[in-house]
Amino acid sequence: MAPPQLQHVNLSPAELSFLRSTLCQDPPIRFDHTKGPKDFRSMRAEYDVLPGANGSARIALEDGTEALVGVKAEVEKSQWRPSGDAQLRDADADANDKDAKAKGQNSWMEMSVEIPGFRDDDALPVFLASMLTESLLASGGLKDRLYINSRFHWKLYIDVGGSFLVHISMLTVQILLLSPPLSYPLALLSMTTHLALLTSRLPALKSDKDEDPLFDDDWDAAVFLYPKSKANASEDKPPVIVLAMAVGPNIIFDPCMEELAVADAVLAIACANATASSSRARIVSVRTIDPPSHLTPPGVPNSMNSATGGTVPASSAEALTQRELFANSGVWTPPRGGMKRGLISQVVKMVVEEGGVAEEVISALHAIELG
Amino acid sequence: MPVSMLPPSAPIAAAHIDHADSDEDMSDDDSLPVQGASSIVTPGETVTSDPQWMRGHGTYVPAETTTIISTVAGHLHKTNKLLSVQPLRARYTPEIGDLVVGRIVSVQTKKWTVDIAAPMLASLPLSAINLPGGILRRRTAVDELNIRTFFSEGDLLVAEVQSLHGDNTASLHTRSLKYGKLRNGLFTSLSGAGGGILSRRGGVVRSKRQTFTLQTGAGEIDVVLGVNGYIFVSAHKKSAQDEKDVSITSLEQVVSETLYSSQNDDIEPGVAREITRVSTLVKGLAACGRRVDEDIIVRVYEGAVELEAEEKVMGGSGRAAGAKGVVEAVLGRLEMGG
């Protein structure tokens, strides 16, 4: 049997047309009627769920989709690099510390995404893992903190356990049913990774400089991977990816599967929080995602349907010209083309502006951590 | 607040669940090892090895033993001496005469296969549909070639279970003006609830009327509650009788014009909003573990409209509460009001 296809949409043209017409209204009527265009689906989050990991988090959506992330750090011998070591030997202690700032390597972090129903070399998990890795590395900071000394470093393994469908019965029972995710899981996985990294701790280092590393046994003395500062505003936090979708004149955040099926374009925006250098949220990376709507079959207008008294066009060229006439009626036509520049800048602005979506998401995740 | 993130909630206390529907044991002297509201049994678990009990649904007795073993994961029910296990999640078991909503999975030479949330796909033969141009029209080879103009993959339809085969696959028919292709609305699935008499909490109950028209502020909307847990909410279809000057002979003709249309009519924004609202409320009802039927949908819908109007007056924004939140609020008010 062919593997399940997440991108495959199995909605009828009439449903797609209805969904699109509701989402295009002003204000848009979302699939979940109670939500506004900027609203995220309500979710349940918790951290420190895996006792054996350095950091872990779990976020569950109301529809049962759930993500579990574990962060595991191991000490690994650094590869000897001639140029870097030569500098180190020449430099004095202060310079050595400064040098450590840019010592991190991309290979020190490994991310694996596992989604039920997908092989680990399928396109979706690989793409999700690379997007998550990309945003984490692009925000800087993280890989440098994995530096222990010139000979050793931490190797970070981030395991993003896929999205389960969890059925919670009315009693205190949980039945885990593995099933493919019910919507594009990037934003969910990213938020869970954010929370896991935010709460990850590494054992405190007791040894000096270039000695073989020796760590404090006491877990209470462990230091946070993302150090907490008293002034809560300017501390560095991992980036988080927000999914935005354009449909007609409207921009909708955190779309569900049915909404994605009628999207004109989908943007994944990774953003980090405001730091001392910038007063607003920063964009780390932006990627477009091919929406599944491009693959949907077009609806057949009544006038071209022999079952409704119409006449089937003789040639495909004739069919195409006739379809153009029905672009804005109740006939579903899959969206074509990409995103306009103006639209991208509009979405980016909504994300990073003061009190924008990025700030909301990061502060909501921070609130979970504070408890 | 656009983003709402909460810590995991404590499970709902067992006291909230009513066990009134299960006939309680008449005699208290025989105690069963597995009892109590919060206990569930898993497949393969021994329920009891006492020979005084009889096995019911969801249980199994291996040959030459008296041990009753559960075959599903669910709650144990006992009715006098009968032990049955009600599964937490179940697929729909088709029965003849059920009104179901289905989605076309594949098109074959003379039939369609339809997903009706049953363990196996149902089939809809070409001979079991109304062909455009009247019931009496003969099915021709041309119709077989044009099979995709009637239904193609992904299309939704409402049909009746006509017959069951030996392996419990259902055969459907749409030979009535009530049945056929669905359009102008939204599809919702309450999967895993079983459906029918065996309906779990949060499923559609088999009732006298599976389709009804809901009066809303913006206009009438049709709700089709498939016994299989698939639900379709759509703009009200003007029936041919509404149009006075249509004679009974041409009635067929008028209907057949739009019978297999995959084009939506113009739907007013207000009606579209109410359709989405009803569909969201139905999902909320299922999330709250309520049985879904006409009565509760009408009551919850009216309560939700009232609630929104009040919030608008108060100036507070009731947004982002989620489907479950709204339904919980409405149900709370309904219970307080009696």
Side-chain angles (χ1 to χ4, degrees), chain A residues 9-15 17-19 21-22 25 29-36 38-46 58-60 62 167-173 175 177 253 296-297 299-302 305-309 312 326 329-332 357 360-361 363-365 367-368 371, chain B residues 1-9 11-12 14 16-17 37-38 40 73 75 88-89 103 132 146 149-150 152-156 182-187 192 201 257-267 269 272-273 276-277 279-281 283 287 289 318-326:
Chain A
V9 183
N10 198 12
L11 298 177
S12 71
E15 280 177 284
S17 162
F18 182 86
L19 276 167
S21 70
T22 52
Q25 280 171 25
I29 306 168
R30 292 195 61 172
F31 187 66
D32 182 346
H33 174 264
T34 55
K35 303 285 183 193
K38 276 188 179 181
D39 288 346
F40 277 53
R41 286 168 287 176
S42 42
M43 46 193 114
R44 302 266 172 192
E46 61 178 331
R58 190 185 75 107
I59 296 185
E62 235 164 38
H167 174 80
I168 301 170
S169 84
M170 297 297 282
L171 305 174
T172 60
V173 188
I175 304 288
L177 290 172
F253 286 90
T296 51
V300 184
N302 285 348
N305 192 345
S306 61
T308 51
V312 182
F326 287 100
S329 63
V331 186
W332 169 247
V357 177
E360 292 269 3
V361 174
S363 61
L365 285 162
I368 281 288
Chain B
M1 184 183 162
V3 184
S4 78
M5 255 181 250
L6 298 166
S9 60
I12 298 156
H16 286 250
I17 299 144
S38 61
I40 65 157
H75 301 285
L88 291 172
R89 282 173 73 84
R103 194 187 284 282
N146 285 340
T149 60
F150 306 127
S152 64
E153 290 91 343
D155 280 347
L156 285 171
L182 291 169
R183 59 199 183 97
N184 292 333
L186 262 186
F187 169 77
R201 298 182 200 91
E257 295 244 306
T258 53
L259 197 53
Y260 293 106
S261 166
S262 63
Q263 175 179 348
N264 280 347
D265 302 336
D266 280 331
I267 303 167
R273 180 173 292 276
T276 322
R277 190 202 301 275
S279 161
T280 307
L281 289 174
K283 265 177 285 183
R319 297 225 147 207
K324 198 178 169 188
V326 170

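Reckoned from all heavy atoms, side chains included, excluding hydrogens, waters and symmetry mates.
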Engineer: For residues L11(A) and F187(B), determine if any side-chain heavy atom of one lies less than 4.5 Å from a side-chain heavy atom of the other.
Structural biologist: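 The answer is no; the side chains never approach within 4.5 Å.
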Engineer: Hey, what do you get for CG (N264(B)) to CH2 (W332(A)), rounding to the nearest 0.5 Å?
Structural biologist: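 If I round to the nearest 0.5 Å, the distance is 11.5 Å.
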Engineer: With only heavy atoms counted, which part of I267(B) is less than 4.5 Å from chain A, the side chain, the backbone, both or neither?
Structural biologist: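 Side chain of I267(B) only, per the 4.5 Å heavy-atom cut-off to chain A.
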Engineer: Measuring heavy-atom distances to chain A, does R277(B) have an atom under 4.5 Å in its side chain, in its backbone, in both, or in neither?
Structural biologist: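 For R277(B), heavy atoms of backbone and side chain both lie under 4.5 Å from chain A.
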Engineer: Is chain B contacted by the side chain of F253(A), its backbone, both, or neither, given a heavy-atom distance below 4.5 Å?
Structural biologist: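 Answer is neither: F253(A) stays 4.5 Å or more from chain B.
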Engineer: Of the backbone (N, CA, C, O) and the side chain (C-beta and beyond), which part of E15(A) lies under 4.5 Å from a heavy atom of chain B, both, or neither?
Structural biologist: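 Its backbone and side chain both get close to chain B.
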Engineer: When you check the gap from the basic side-chain N to the acidic O, do R183(B) and D155(B) get nearer than 4.0 Å?
Structural biologist: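 Judged by the 4.0 Å cut-off on N to carboxylate O distance, R183(B) and D155(B) do not form a salt bridge.
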Engineer: With respect to chain B, which residue among S363(A), A45(A), P297(A), S21(A) yields the maximal number of heavy-atom pairs within a distance under 4.5 Å?
Structural biologist: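 Looking at each of S363(A), A45(A), P297(A), S21(A) in turn, A45(A) comes out on top.
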Engineer: In Å and rounded to the nearest 0.5 Å, what is the CG to CD distance from N184(B) to Q263(B)?
Structural biologist: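 CD of Q263(B) is found 9.5 Å from CG of N184(B).
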Engineer: Report which part of S17(A) has an atom under 4.5 Å of a heavy atom belonging to chain B: side chain, backbone, both, or neither.
Structural biologist: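 Contact with chain B: backbone and side chain both.
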Engineer: Side chain, backbone, both or neither: which part of L281(B) has a non-hydrogen atom closer than 4.5 Å to chain A?
Structural biologist: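 Interface part for L281(B): neither.
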Engineer: Between CD of E360(A) and NZ of K38(A), what distance do you get to the nearest 0.5 Å?
Structural biologist: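 E360(A) atom CD to K38(A) atom NZ measures 8.0 Å (nearest 0.5 Å).
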Engineer: Looking at D32(A), is its backbone amide N or carbonyl O close enough to the side chain of R41(A) to form a donor-acceptor pair, meaning the two atoms are under 3.5 Å apart?
Structural biologist: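 Side chain of R41(A) to backbone of D32(A): no pair is present.
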